[in-house]
Amino acid sequence: DASLTGRIKKEEFDALIDVAAVAPRKFGFAPHASEMFSSVQERKEYRAILFKTINTEGTGEISFQEFLDWAMEHIRGKVSHGVQSWAVAKLLASPAPADERACCAGGICKW
């Protein structure tokens, strides 16, 4: 919120997501943008859609309450079946043999 209004404009949203994702990425709970998107353009298009989804009031700006509501639901969805790092979730979803995936069950890798 560069203007200190308590609202995020479309132009500020991409940076907000990057800042909000620092801690989850640091601890392996979210992928880096480069792992999710093949280009900057793809990332920006996805986040433009996400901005509209979060802006439930339809004002063209995201209020703190709108962001908080979305973030809590997003996190709830991520942890509803237990907390697991992004890397482990990716490994478990991979087509690797079952015995290789099993070594990381519960988020504890035994390499």
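As a basis for the values below, the full set of heavy atoms in this structure was taken, side chains included, without hydrogen atoms, waters or symmetry mates. In this chain, numbering begins with 1 at the start of the sequence shown.
- From H74, atom NE2 reaches atom OG1 of T53 across 12.5 Å, with rounding to the nearest 0.5 Å.
- Side-chain contact between D69 and E73 is absent, with no heavy-atom pair separated by less than 4.5 Å.
- Nearest heavy atoms, A33 versus R47: CB-NH2, 4.2 Å.
- E66 places a side-chain N or O within 3.5 Å of a backbone atom of S63 that can act as its donor or acceptor partner.
- Under the 30°/60° scheme for interplanar angles, the aromatic rings of F67 and W70 are found to be tilted.
- In this structure, F13 is a member of the same hydrophobic cluster as M36, with clusters built from ILVMFWY side-chain heavy atoms closer than 4.5 Å.
- The structure places CD of E45 at 4.5 Å from CD of Q41, a figure rounded to the nearest 0.5 Å.
- Note: I62 CD1 to L68 CG = 12.5 Å, rounded to the nearest 0.5 Å.
- Taken from CD in E57 to CD1 in I54, the straight-line distance is 12.5 Å, to the nearest 0.5 Å.
- The number of heavy-atom neighbours closer than 6.0 Å to CZ of F37, taken from other residues, nucleotides and ligands shown, is above 12.
- Using a 4.0 Å cut-off between charged nitrogen and carboxylate oxygen, R43 and D14 count as a salt-bridge pair.
- A donor atom on one side chain and an acceptor atom on the other are not found under 3.5 Å apart for N55 and E61.
- Between E12 and K9 no salt bridge is recorded (no basic side-chain N to carboxylate O distance below 4.0 Å).
- Taking both residues in full, the closest heavy atoms of R25 and A30 are given as CG-O, 3.5 Å, listed atom of the first, atom of the second, then distance.
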